[in-house]
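Below: one structure, written as structure tokens.
No hydrogens, no waters, no symmetry mates; every other heavy atom, side chains included, goes into these values. In what follows, every chain begins at residue 1, and chains take the letters A, B, ... in the order their sequences are listed.
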2 protein chains.
Amino acid sequence: MSSSELLLTLNNKALNLLQEDADKIEKLIEVQMENLTTRQCPLYEEVLDTQMYGLSREVDFAKRAGLITDLAGKQIISKLERNLAELYEALNQKK
Amino acid sequence: MSSSELLLTLNNKALNLLQEDADKIEKLIEVQMENLTTRQCPLYEEVLDTQMYGLSREVDFAKRAGLITDLAGKQIISKLERNLAELYEALNQKK
């Protein structure tokens, strides 16, 4: 494998790993959205905040390690932040 | 640069970045140790826990991305955990 192929492989791997972790958070948000009308777990916000912090540290590390671009990192985080904002809005309307 | 040189460069870079972040936590622990007899900030434990969690996520990501070995990751974390344990022990003796 040439250097540029190796770099591409590592970059793709890093991006896929981050996307996997982002998908897990996405799933947590979806589950809570579906449960809006039935039950709410008070620890959900705490768990989501912690997970978001963890992911942001991973993304930041991947950027510093030269594995992903600034833009790719921002896209992963901002998509989740929009979904989180929707969830919190929906939760507030329930209150 | 050959593939193996590139990989070595990326591995070293990843390890250095993780060590930098570990050093920051180490510094936080030292500062709190020095302040044991003067003042204690109640948020310190919270901050340290959060920082440790963030670092563990970075280390885990670096392992999964194939940048560092399991052993290297464990060494970074366990050294900090020992220092943290010492700090908490010292804090408990003060109580």
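- Contacts of residues 47-57 of chain B with chain A at a heavy-atom distance below 4.5 Å involve B/Thr50, B/Gln51, B/Tyr53, B/Gly54, B/Leu55, B/Arg57, listed in sequence order.
- Distance check: A/Asp60 CG to B/Asp21 CG gives 8.0 Å after rounding to the nearest 0.5 Å.
- The two atoms that bring B/Lys13 and A/Arg64 nearest to each other are CE-O, 3.3 Å, heavy atoms only.
- In this structure, no portion of B/Asn16 lies under 4.5 Å from any heavy atom of chain A.
- Residue-level contacts of residues 4-12 of chain B with chain A, in order of numbering, are B/Leu6, B/Leu7, B/Leu10; threshold 4.5 Å between heavy atoms.
- A heavy-atom distance below 4.5 Å is not found between the side chains of B/Val59 and A/Phe61.
- The minimum heavy-atom distance linking A/Ser2 with B/Ser3 is given by the pair C-OG, 3.2 Å.
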